[in-house]
Amino acid sequence: MVRTRIAPSPTGEDIHIGNLHTALINWTFAKKNDGQFIVRIEDTDQQRLIKGSEERILKTLKEYGLIYDEGPDAGGSAGPYRQSERLETYQIYGKELIEKKVAYYCFCSKERLESLRKKQQKEGLVPRYDKHCLNLKDPEKRVEDGESYVVRLNIPEDIVISFEDLIRGEITFFGKDLDDQVLIKADGFPTYHLAVVVDDHFMKVTHVIRGEDWISGTPKHIYLYDSFGWEKPIYVHTPLLRNPDRSKLSKRKNPIWASWYLKHGYLPEAVLNYLCLMGWSHPKQKEIFDLDEFISVFELKNIQTAGPIFDVVKLEWMNGEYIRRMNSGLLTNKLLEFYHEKYPKEAIEKTVPLIQERIKKLSDYLPLCEFFFKMPEEYQADLKPHKSILKKAHDTLAKITSWKAESIGQTLQNLTVKEKLRNADFFMWLRVAITGKKISPPLNESMEILGKKECLHRLSSLL
Ligand code: GLU
């Protein structure tokens with residue numbers, strides 16, 4: 001049984017778009033194999049917790065449709081799924097490691113560690129713990145006496161640790177380059193490294209699929225699995241997303257929180273489709289496909305390791321494609337929901353055919369269509385010099401009996417001929433008079449939707 005997981009830390013505003021990518025891969029791989037996808041909340045770093053973060057992460061995952069089989073609010077037989085609720089388990093396995101001499105108590109003060117670090121830096125060495133507490137006499141007694149301690153992993157200097165990454169091949173680390181990692185902190189909480197191994201083991205995770213930034217921690221995990229005598233999962237370290245200039249995806253250059261995209265009018269299915277293409281390409285080079293198709297053609301081993309470019313401009317294009325391909329009823333509902341039902345459904349429904357080809361995001365709708373719901377407050381051109389022609393337009397339009405785009409268009413066309421006006425000028429003034437803007441959905445159709453009374457009212461208010 002394939003079991004995958006994501007293990008977000010609730011230390012950010014929401015789920016990072018890069019982690020959404022990892023979630024998508026984990027979810028897809030589980031679905032493809034009739035397996036299970038788990039969400040585990042890694043909240044062991046109590047200092048960095050952000051209030052509400054966990055709720056937002058879980059909510060965003062659901063909004064994207066990446067439904068998990070097990071998780072803090074979904075239950076499951078391997079729970080609890082929040083590390084802060086599993087502290088006793090980590091204590092037990094921390095002790096086991098000490099008994100096996102794979103880990104040891106360390107009583108070094110902050111000051112000692114600090115001065116050690118400075119000294120090593122001065123000597124041009126990479127700061128590492130110097131195993132000062134490795135062979136203390138009777139450390140248990142000091143623990144019993146209530147002295148503050150941490151538990152450290154004892155990595156032999158001469159050990160060579162290798163593991164096979166499914167997409168990167170064999171990766172090797174040397175003991176002399178690895179620090180004696182703290183496994184249990186002074187507050188009794190485990191660090192990520194102990195907790196991740198214990199949890200992945202007891203949650204029966206078969207494939208650890210996570211970002212490449214976790215590669216450097218993996219040899220410590222391998223060492224722990226081997227020390228416990230547990231079977232190791234299969235590792236896949238996915239490439240990190242990059243800005244178009246190839247730098248690491250960062251707040252300054254791109255919105256990084258997954259919910260930002262939903263709030264700004266991107267469709268979850270378009271964002272996920274775009275993420276499918278990060279480090280992977282469709283065997284038929286297709287760009288637009290749904291998740292069912294992704295599940296059927298996706299292979300973990302085909303993930304490319306070179307950092308994929310996350311380009312919001314491309315994503316916006318793809319989002320526009322999704323909008324264009326949607327049936328108009330569905331688009332109406334999406335817009336209704338996006339604007340929290342502030343505008344009547346019937347009105348949105350009528351306007352959709354006019355704008356479906358023109359918008360790339362749901363949020364493009366209102367700037368283009370607000371004039372359907374209220375009088376313009378500003379006008380993008382000075383209409384004062386054109387009052388007399390607007391008056392003529394008003395009076396001619398007032399005579400129309402069948403208020404349809406075609407008859408409106410014909411009437412206005414006749415007027416421009418009669419008045420010897422340049423079409424472009426006249427329709428621009430009229431467009432601004434009705435919509436407030438120089439660019440709008442097709443004018444005749446818009447006027448039909450607005451209705452005769454409202455159009456005449458807008459014209460006469462300018463006279
Ligand atoms: N807690 C880690 C994170 O925030 C999880 C890393 C892993 O998947 O092992 O992404």
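Just so you know, these numbers use all the heavy atoms, side chains as well, and skip hydrogens, waters and symmetry mates. Everything quoted here is computed from the prediction, not taken from an experiment. One-based numbering, in listed order, for ligands and for the atoms of each.
- D199 and Q83 share a side-chain donor-acceptor pair at under 3.5 Å.
- Y81 meets the side-chain hydrogen bond (donor to acceptor under 3.5 Å, both in side chains) test with E70; sequence neighbours excluded.
- Summarising the local packing, CZ of R48 is surrounded by 12 or fewer heavy atoms from other residues, nucleotides or ligands at distances under 6.0 Å.
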Can you produce the list of protein nitrogen or oxygen atoms under 3.5 Å from a nitrogen or oxygen of ligand 1, alongside each distance?
unit_1   : atom_1 : unit_2 : atom_2 : d
ligand 1 : 1 (N)  : A7     : O      : 2.8
ligand 1 : 1 (N)  : S9     : OG     : 3.1
ligand 1 : 1 (N)  : E42    : OE1    : 2.6
ligand 1 : 4 (O)  : S9     : OG     : 3.2
ligand 1 : 8 (O)  : R5     : NH1    : 2.5
ligand 1 : 9 (O)  : R5     : NH2    : 3.0
ligand 1 : 9 (O)  : Y192   : OH     : 2.6
ligand 1 : 9 (O)  : R210   : NH1    : 2.9

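- The stretch residues 177-202 participates, sequence neighbours left out, in these ring pair (Phe, Tyr, Trp, His ring centres under 6.0 Å) pairs: Y93-F202, Y192-W214, Y192-H221, H193-H221, H201-W230, F202-W230.
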Below 3.5 Å, can you tabulate the donor-acceptor pairs from side chains in residues 260-267 to any protein atom, sequence neighbours excluded?
unit_1 : atom_1 : unit_2 : atom_2 : d
W260   : NE1    : H264   : ND1    : 3.4
Y261   : OH     : P255   : O      : 2.6
H264   : ND1    : W260   : O      : 2.8

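- A side-chain donor from one of Q181 and K220 sits under 3.5 Å from a side-chain acceptor of the other.
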